[in-house]
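Position 1 is the first residue of the sequence; numbering continues from there. Model, not experiment: these values are computed from the prediction.
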Amino acid sequence: VVWRLARNSHPSYVGVVMIYAFGGIKIREFISPGVRHGRLAGRIAKISGEYRSAHKALLEHGEAIVASGGVGREGKRVQEKYNAFIGVWWDLVREDSRSTFAMSFQMQVQMTLMNIMQHFPFLRGDHPLRASPGASEQERFKANAAMLGSMRFTMSLVSDAMMRMGMLARQPRTIMMISGTCNRVAALLDAVDPTNFAVQSTDGKVTTGGSHITFEKVDIDTPKGLRLVSNLSFSVSPGGDDNLLIVGENGVGKTSIFRTLQTLWPAASGTIRKPDLDETIILAQTPYIATGLSLEEQLAYPKVVKVSRSTAELSQLLQMVDLDPNLLQQDAEATAQGTIVDWDTTLSFGQKQKLACAKLFFHKPRFAVLDEATRGLGPAFERSLFENCAAFGITVLTVAHAPTLLQFHRRILHVHSDRWSLEAVQEATKSSLIRTQSAAIANTEADAKKEKANEATKLAEARQHED
């Protein structure tokens with residue numbers, strides 16, 4: 001384009017076009033810097049995410065907020081996020097206004113330069129296309145037509161050159177304008193990079209493929225470097241007979257032991273040996289229900305169901321954790337209608353806990369880690385769960401505060417702020433707890449039967465009264 005412009009017009013036009021293209025963008029950058037525009041776009045993405053998160057908290061924890069009297073505070077928080085969001089938008093509007101003004105000014109300069117470069121050569125009296133002083137009317141007509149054609153051709157060359165050079169000149173500004181969004185995307189990619197979740201310390205070592213879970217002189221630190229547990233050593237064997245109970249005050253590092261086991265946190269030092277990833281299932285205190293999955297797919301998560309199990313088998317799994325098998329019928333009806341049940345909102349918190357426990361009998365892993373996963377489900381459910389785990393040969397590592405769970409474990413690991421201790425659970429302690437809990441379960445069942453009988457009596461009386 002530059003070569004055509006230099007060949008078919010004056011060479012100085014090339015310099016003028018280049019000065020305009022790159023000088024104009026510099027002026028526009030001075031009035032409205034592209035990097036400032038990009039930062040604003042990044043801030044909008046960040047603040048809009050915080051604003052949506054504030055609303056999401058209301059959706060997920062609305063009842064708890066109302067019950068605790070936090071409506072006013074949450075409303076103020078949402079309003080603050082909204083005001084910040086609108087404030088950044090106004091900054092962007094002002095920046096866009098400055099950019100629009102600069103661009104409009106640049107376009108006016110472009111049109112002026114194009115008109116000057118188009119007409120200037122033909123204002124000279126000695127232009128070769130101009131008609132001579134004594135030319136006839138027809139000769140002047142042909143000369144004017146040739147001049148107009150040349151002017152039009154010059155205009156197209158200048159316009160093409162300005163457009164192409166302008167595109168080159170605007171590339172750095174375009175990159176700067178998307179820099180904020182690119183930074184947000186880069187931060188997201190870093191956050192979800194799988195290597196960030198399995199970083200191994202140079203001092204610690206985690207090996208997989210073994211049959212036992214073994215900690216040998218392992219030091220556990222928080223990501224900020226705070227030492228939680230020092231020189232931790234223990235080994236747990238598969239088979240369902242070597243259950244381990246881990247107890248301790250809040251914040252001493254009980255859950256951190258399993259974060260290190262799953263390589264969510266690197267071991268500061270020592271050696272950890274464990275089975276393959278799918279041989280251990282960890283159930284957290286708050287169960288996770290994936291979106292858009294059927295009931296069987298929830299049980300199989302994170303694996304994909306390749307061959308569906310029979311309704312009878314799935315019904316047996318639900319009954320083992322005291323869930324209504326009719327949930328399968330509800331799931332089937334939704335599938336027949338081309339929809340999926342939202343189990344996260346359909347099930348209560350306790351039902352979600354039980355569904356998570358059903359995964360143990362669906363996958364049948366060697367080890368199960370229960371991080372207070374049975375809290376609030378009652379002693380009868382806990383006894384049934386541990387008995388079924390023993391029947392399936394699943395060794396359980398439990399984090400709990402309830403001393404009644406001692407009866408289901410062979411050893412107990414006490415974790416303190418500055419030390420730890422490992423000891424066997426005495427059989428006398430187990431027997432005492434079993435007797436006490438059996439009596440409590442019997443009383444609970446008796447009370448439930450009595451309450452059910454009372455309800456049946458009241459229902460019969462109500463029907464008799466209606467008759």
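- In terms of heavy atoms, F367 sits closest to I394 at C-CG2, 4.1 Å.
- M163 CE: more than 12 foreign heavy atoms inside a 6.0 Å radius.
- Listed by chain and number, the residues in a salt bridge (charged side-chain N to carboxylate O under 4.0 Å, His left out) with E372 are R375 (sequence neighbours excluded).
- S99 and D96 share no donor-acceptor pair across their side chains, judged by distance under 3.5 Å alone.
- Using a cut-off of 4.0 Å between Lys/Arg side-chain N and Asp/Glu carboxylate O, K354 and D322 are scored as salt-bridged.
- Partners of K359 according to the side chain to side chain donor-acceptor pair (under 3.5 Å) rule, which considers only residues two or more places apart in sequence or in another chain, do not exist here.
- Shown here are the salt bridge (charged side-chain N to carboxylate O under 4.0 Å, His left out) partners of K306, two or more places apart in sequence or in another chain: there are none.
- Side-chain contact, E333 with Q337: no donor N or O sits under 3.5 Å from an acceptor N or O.
- R98 has a carboxylate O that lies under 4.0 Å from a charged side-chain N of E95, or vice versa, which qualifies the two as a salt bridge.
- The two residues F258 and K254 make their nearest non-hydrogen contact at CD1-O, 3.8 Å.
- Contacts of F234 classified as ring pair (Phe, Tyr, Trp, His ring centres under 6.0 Å), with partners at least two apart in sequence or in another chain: F215.
- Nearest heavy-atom pair across L293 and I340 is O-CG2, 3.7 Å.
- In this structure, K352 contributes its side chain and D344 its backbone to a donor-acceptor pair below 3.5 Å.
- Q79 and N83 are linked by a side-chain donor-acceptor pair at a separation below 3.5 angstrom, with hydrogens and angles left out of the test.
- Looking only at side-chain heavy atoms (C-beta outward), D221 and L226 stay at 4.5 Å or farther from each other.
- Judged by distance alone, the side chains of T174 and Q171 never bring a donor and an acceptor atom under 3.5 Å apart.
- With sequence neighbours left out, R39 forms a salt bridge (charged side-chain N to carboxylate O under 4.0 Å, His left out) with no residue at all.
- Judged purely by distance below 3.5 Å, without hydrogens or angles, the side chains of S233 and E216 never pair a donor atom with an acceptor atom.
- With respect to E74 and R77, a salt bridge is recorded, a charged nitrogen being found less than 4.0 Å from a carboxylate O.
- H55 meets the ring pair (Phe, Tyr, Trp, His ring centres under 6.0 Å) test with Y51; sequence neighbours excluded.
- Scanning both residues, D242 and R411, for their nearest heavy atoms gives OD2-NH2, 3.2 Å.
- Heavy-atom minimum distance, Q353 versus A373: NE2-O, 3.2 Å.
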